[in-house]
Q: 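I have a structure I would like to understand better, so I am pasting it below and will then ask my questions one at a time.
Letters A, B, ... are given to chains in the order of the sequence lines, protein chains preceding strands, and every chain is numbered from 1.
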Amino acid sequence: MTDNKLPSGHTRIDTLEMRGITKRFPGVIANNKVDFNVRSGEVHALLGENGAGKSTLMKVLYGMYGPEEGEIFLNGNQITIESPTDSINQGIGMIHQHFMLVETLTVAENVALGLPSSRGFLTDLDKVSERILELADIYGLQIDPDAYIWQLSVGQQQRVEIIKALYRGAALLILDEPTAVLTPQEVDEFFVIMRQMVADGHALIFISHKLHEIMDICDRVTVLRDGELVGTKIIKEITKSELANWMVGREVSMTRELEDVERGEARLVLDHVSCDSDRGTPALRDVSINVYAGEILGLAGISGNGQRELAEAVTGLRPVTKGRVLLEDEDVTHFRPGEVTERMLSYIPEERMKDGMIKDFSISENMVLREHHISPFAEKGFLMLKNIAEHTDSMIQKFRVKTPSRETKAGSLSGGNIQKVVLAREISRNPRVLLAAQPTRGLDVGATEYVHAQLLEQRKNGTAIMMVSEDLDEVMALSDRIAVICEGEIMGIVPRDEATPQKLGLMMAGESGEE
Amino acid sequence: MTEVFSATVIIGILTSGIRLATPYLYAAIGETFGQRSGVLNLGVDGQMLLGAFAAFYVAFTTENLWLGLLAAMIVGALMGLGMAYVTVNLHAEQGISGIGFYLFGLGMSELLFKMLLGTVETVKGFPITPVPLLSKIPVIGEIFFQQNILVYGAFLLVPIAWFILNKTTLGLKIRSVGENPEAADSLGVSVARVRYFTIILGGTLSGLAGASMSIALLNVFQQNMTSGLGFIAVALVYFGAWRAWGVLAGALLFSMVNSMQLWMQVLNIPIPSDIAVMLPYILTIIVLVATVSRVRAPSALTKPFDRGH
């Protein structure tokens, strides 16, 4: 590379600087005079808790939001970005956290979308495919241009996103939590690609909650807190725990202590359980798991491998086609959800906004959703509003829910606070069995720490807990035993002290746990 | 009974079946474009009624059928423009907005009819234009190639729609906007512009559909002369699984059954005429129920798009 060209043939971005960016939303300042810069050949991490303003800042850069104040300089020259098209034209690409792919279209069609065609108003997919293969070759991104997006794994879909950006001449890539959906092996592969791109002169902005990844791959880190710039540092000059404290603004504990708890009887037993997916294809195949009192059983796996169906089969939301589900020795296989609830099974669903609460209901209404019909919340069919209010207030206090009042609509709370409401409702009834699906997904370090503490507290109280999680760090930190699910089958159950990310990662990819 | 199944009758049923498919095809193909881009327009019937009136009135007063056709297309396009503004810019609920436009078209066409015509008049509509050579083929020629020009247009529209949707950059934009508008937007595709285009195109074609009734098939204008045909067209889009060829199959099935029941009445077959008239509608429901699980609607259908939410 003699000049300022990238291997893709496009022009390098040597420096990009955002100065004094201010973006307001009704009632909040999402970014307050934030400065940020990134250079060719570096990975610059953008770190902060939920709502710190990371995504807002990046959406400003990508032209999705117009800032009230601030300037952007590219290679020292001021530029204006008013739409994604502008930023694409300037060589900026963004890999969104939720992929921006049209599932029913092919890879080539997704790449070609929105671009002028060499054949005028006709599509030129053959040419596009050729170029995709060319780029794939340069950057080591294996992909079939004719495959439909829905046929691809999450890791492959991410490659399509990268190719899409490179195809458009991206010299600077914004990566919004790119590793959140990947297996450890896929993360490793992804980092190889990132390193290659940086070595070739690309500039990368990496948004992540995962501190060890930032320590691993990034050159510099900029921290935001409550919409304000905290500072920018060189990674080599800071430790992981310093970084965590810096982000949260207080001391946070990075390790989780599992107290010695005597393992009790098997409270939840899945005995050769099978069930179907929504589309009628087998989702769970012959799953057998026991969850004992006083333990956390972690269920690891890549999303969409039967975790949701398993949780629904246990809670009575999904018919079991084969096998039995036992709750404290009682066969509850074909019980209705209400009957399972009555036997003190609590459930923290994966989609808390959709399945865990009713957005337009107040916090107090959501707080009693599960037990609104029984004493003390109802007597003879009448709601006991005073009891409900008292209970809600005490829960808001105990679980430190940040809310103006108990009458606030649950949907207007932040993700972490919504999760606290769900958690409070499910835990406060002292369940015999607790099923927690992705309990900390999307939560920041502080809220995660809190949820984990609550789960450990339940474990200490002797509750049998099954925790479904895609986050291997979380699974390994909290679980007594770890079951790995792949394509609806349990690949094996590994005791805590034998679990390594490599071993679990291989099992998540479909290799059986037996050696 | 022998008379019922004679060759003449069968050819008659098929010929009028092809002809009757015309308004369904225009309306349903137009609606297909809209729905593929994520907009459900339930106002089709209203657009057809106003289009039918505009075509009839202009043709009646100027004695120029082509001007009538043009008027219907303009009126339909303007109705589409209104629908696009309400659903795209104002983010209004699509189903309700569509019903509003339907009622507007229904009422307005009646009002204009009473003000401008008063009584039922007739025009000399588009004549039968046999296709040279092809119309000479026995049976087939009679069924397919001895029709008026709007019938040919309707059938030609099917491959054209298929081609646009699947082979052009515009079609790619339409499909992606209907499936994942956020993704399209992030690549610089203007969701609003694409939806405006498809809704206005749909309105134009609905206007044509109305014109095909008032100045080609029936050659009269009557109040509520579509009697819900536009709603059937919406159903045909679902039936056709959002594909032009599927819509064609649905339109043909429907118009053939319709044609058959008309002939049954003509031939005095002892079935209560009310039952006969109901047949196509009952069929629609049965077919829709039978096919509903097999097809998947465009993911963003009926969902307004607002950047950043």
Q: Based on non-hydrogen pairs under 4.5 Å, which of A/Asp124, A/Thr123, A/Leu125 is most in contact with chain B?
A: A/Thr123
Q: Against chain B, label A/Ile88 side chain, backbone, both or neither, depending on which of its atoms sit under 4.5 Å from a heavy atom there.
A: side chain
Q: Looking at CG of A/Leu122 and CG of B/Leu170, how far apart are the two atoms once the value is rounded to the nearest 0.5 Å?
A: 11.0 Å
Q: With a 4.5 angstrom heavy-atom cut-off, could you sort out which part of A/Ala165 is near chain B: side chain, backbone, both or neither?
A: neither
Q: For the residue pair B/Ser186 and A/Pro84, what are the closest heavy atoms and their distance?
A: O-CB, 3.7 Å
Q: Sequence neighbours left out, what passes side chain to side chain donor-acceptor pair (under 3.5 Å) with A/Ser8? Give chain and number order.
A: none
Q: Taking the side chain as every heavy atom from C-beta outward, state whether A/Leu105 and B/Glu179 have any atom pair closer than 4.5 Å.
A: no
Q: For A/Leu113, is it the side chain, the backbone, both or neither that has a heavy atom under 4.5 Å from a heavy atom of chain B?
A: both
Q: Can you tell me if B/Tyr152 has over 12 outside heavy atoms packed within less than 6.0 Å of its OH?
A: yes
Q: With respect to chain B, which residue among A/Asp86, A/Val102, A/Thr85 yields the maximal number of heavy-atom pairs within a distance under 4.5 Å?
A: A/Val102
Q: Counting neighbours of CZ on A/Phe121 that are heavy atoms of other residues, nucleotides or ligands and sit closer than 6.0 Å, is the number greater than 12?
A: no
Q: Determine whether B/Arg175 and A/Glu109 satisfy the following criterion, side chain to side chain contact (heavy atoms under 4.5 Å, CB included), listing intermediate values before the conclusion.
A: CA-CA 10 Å; B/Arg175 285 184 287 148; A/Glu109 285 176 321; 3.2 Å; yes
Q: For the atom pair CG (A/Leu115) and CG (B/Leu187), what is the distance rounded to the nearest 0.5 Å?
A: 7.5 Å
Q: If I measure from the heavy atoms of chain B, does A/Asn89 come under 4.5 Å with its side chain, its backbone, both, or neither?
A: neither
Q: Can you tell which part of A/His96 gets under 4.5 Å to a heavy atom of chain B, answering side chain, backbone, both or neither?
A: side chain
Q: Within the supplied structure, the quantity of interest is the number of heavy atoms (other residues, nucleotides, ligands) at a distance under 6.0 Å from B/His91 NE2; does it exceed 12?
A: yes
Q: Which atoms of A/Arg119 come close to chain B, meaning under 4.5 Å heavy atom to heavy atom: side chain ones, backbone ones, both, or neither?
A: neither
Q: Going by residue number, which parts of residues 188-206 of chain B are within reach of chain A, meaning a heavy-atom gap below 4.5 Å?
A: B/Gly188, B/Val189
